[in-house]
Amino acid sequence: MIILGIESTCDETGVAVVENGTKVLSNNIASSIAMQKKYRGVVPEVAAREQVRAIIPLIADCLSKVQLSNVDAVAVSYGPGLIGSLLVGVETAKTLSLVYKKPLIAVNHLEGHFYSSLLESDRSFVLPAVGLIVSGGHTDLVYVERHGHCELLGSTLDDAAGEAFDKVARFLKLEYPGGPQIEKHASEYNQHLGHPGGDPLFPRPMIGDDNFDFSFSGLKTSVINFVQKNHLSLTKNNVQKVSYYFQKAAVDVLVSKTIKAAKKMYARSLVIGGGVAANKYLLQELEKSSRENFKFYRPLKKYAVDNGAMIAAAAFYKNNFVDPLTLTADASLHF
Ligand code: KG4
Ligand code: ZN
């Protein structure tokens, strides 16, 4: 089955054509990130305007590589996300579906991240699986017993993991998006000092709680307090040190709670997705901890961030056709 997937929930516009949930025939992404850098975050209006500009040329380019007559269905992420951005993708997908008489599949953006690790892979999940979806807007633990049915086990109560990386980076006067910058500085510190241990510096919020929720806002505040109380100037060395200990604290919590959930649910696979899944330290720690008990699935870096291919992959497994006349974007879509 060949599916054209459309993604426009935040600042990226992604259009891709994927065969049977894994073989990527064409994949186009446009991002307004360069424009958003000066605001150090996403301005919804700017994102949506750029998406209106980008989406048709991206579709045309995909369809110059794969003939429309070979496309079996159109899929779109209809939430959660920024409403202006979502409308661009959803209304475009509905129009394509109606005009070209292709069935329409509606996908939850988070399910897209869950299935992203199957892209360009020759494996499928051994179910049941527990998934950690970590992005700029979400930190969710999900349980998937059978394809197309995601159950939420826990979420962040305040900031998402990626948001915490972005906010700490902003405080440290690093570029947006902050995640890659924090990772870079943390790894430089690690290289200088060779796995420094010592005082953990920052707390691991909710790590021992008997639930699968997260909280990253207090961690961010403790980073700010630490820098201010110790009158640290933002020298390269101090930024590297703070990045290192912040990343370690955030990753400790993510890994510990994910493994706890996978054990409790008797999962056979552990799956990671979302922009923060581009973080090598998180991947390495999660893979290490899952080695004995679970099969570990992670997306290629290019599919960790928002893209249309992951929406087409999720659609292949989800298979829930919707009426193009009635589908509406849902900014706060739940599972
Ligand atoms: O999934 P995504 O592209 O968009 C959302 O749906 O939010 O995720 C973007 C987030 C940003 O917060 C960014 O800082 C974070 O993913 N991120 C990272 C890394 N690369 C991207 N966080 C930590 N380490 C990274 N290497
Ligand atoms: Zn995302």
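We count ligands from 1, going down the list as the structure has it; atoms in each ligand are counted the same way. Model, not experiment: these values are computed from the prediction. Residue numbers count from 1 along this sequence.
Near Gly162, meaning under 4.0 Å from any of its heavy atoms, are these atoms of ligand 1: 12 (O). In summary, the atoms of ligand 1 found under 4.0 Å from a heavy atom of Ser135, numbered by their order in the structure, are 1 (O), 5 (C), 6 (O), 7 (O), 8 (O). Close approach of ligand 1 to Gly136 is summarised as follows: ligand atoms under 4.0 Å from at least one heavy atom of the residue are 5 (C), 7 (O), 8 (O), 9 (C), 10 (C), 12 (O). Below 4.0 Å from some heavy atom of Asp306 lie the following atoms of ligand 1, by number and element: 1 (O), 2 (P), 3 (O), 4 (O), 5 (C), 6 (O). Listed by atom number, the atoms of ligand 1 under 4.0 Å from Gly275 heavy atoms are 1 (O), 2 (P), 8 (O), 16 (O), 17 (N), 18 (C), 19 (C), 20 (N), 21 (C). For ligand 1, the atoms lying closer than 4.0 Å to a non-hydrogen atom of Gly137 are 7 (O). Close approach of ligand 1 to His109 is summarised as follows: ligand atoms under 4.0 Å from at least one heavy atom of the residue are 6 (O). Residue-ligand proximity, His113 to ligand 1, at heavy-atom distances under 4.0 Å covers atoms 1 (O).
Partners of Thr221 according to the side-chain hydrogen bond (donor to acceptor under 3.5 Å, both in side chains) rule, which considers only residues two or more places apart in sequence or in another chain, do not exist here. Listed by chain and residue number, nothing satisfies the side-chain hydrogen bond (donor to acceptor under 3.5 Å, both in side chains) test with Thr326 (two or more places apart in sequence, or in another chain). Contacts of Thr139 classified as side-chain hydrogen bond (donor to acceptor under 3.5 Å, both in side chains), with partners at least two apart in sequence or in another chain: none.
In Asn279, the parts holding a heavy atom less than 4.0 Å from any atom of ligand 1 are both the side chain and the backbone.
Within 6.0 Å of NZ on Lys184 lie more than 12 heavy atoms contributed by other residues, nucleotides or ligands. Shown here is Arg49, whose CZ atom has no more than 12 heavy atoms of other residues, nucleotides or ligands within 6.0 Å.
The cationic group of Arg123 lies under 6.0 Å from the six-membered ring centre of Tyr297 and within 45° of the ring axis, placing it in a cation-pi geometry.
Ion pair Lys65/Asp61 flagged as a salt bridge, since at least one NZ, NE, NH1 or NH2 atom sits closer than 4.0 Å to an Asp/Glu carboxylate oxygen. Comment: Glu285 does not engage Lys280 in a salt bridge, judged by the lack of any side-chain N to carboxylate O separation of less than 4.0 angstrom.
Aromatic ring pairs are classed by plane angle as parallel below 30°, tilted from 30° to 60° and perpendicular above 60°; the pair Phe226 and Phe202 is perpendicular. Between Tyr115 and Tyr317, the ring-plane angle classifies as parallel under the 30° and 60° cut-offs.
In this structure, a donor-acceptor pair under 3.5 Å is present between the side chains of Gln51 and Ser85. The closest side-chain donor-acceptor pair between Ser289 and Glu287, if any, does not fall under 3.5 angstrom.
The closest non-hydrogen atom to atom 26 (N) of ligand 1, taken over Glu12, His138, Glu183, comes from Glu183. With atom 23 (C) of ligand 1 as the reference point, the heavy atom nearest to it among Ala277, Gly179, Ser31 is part of Gly179.
Any protein N/O/S atom under 2.8 Å from the Zn ion (ligand 2) was counted, giving 3 altogether.
The shell of residues lying under 4.0 angstrom from ligand 1, judged by heavy atoms, excludes Cys10.
In terms of protein heavy-atom proximity, atom 15 (C) of ligand 1 is closest to Val276 CG2, 3.9 Å. At the shortest separation from atom 11 (C) of ligand 1 among protein heavy atoms lies Asp166 OD2, 3.5 Å.
For the residue pair Cys62 and Val17, the shortest heavy atom distance occurs at CB-CG2, 4.2 Å.
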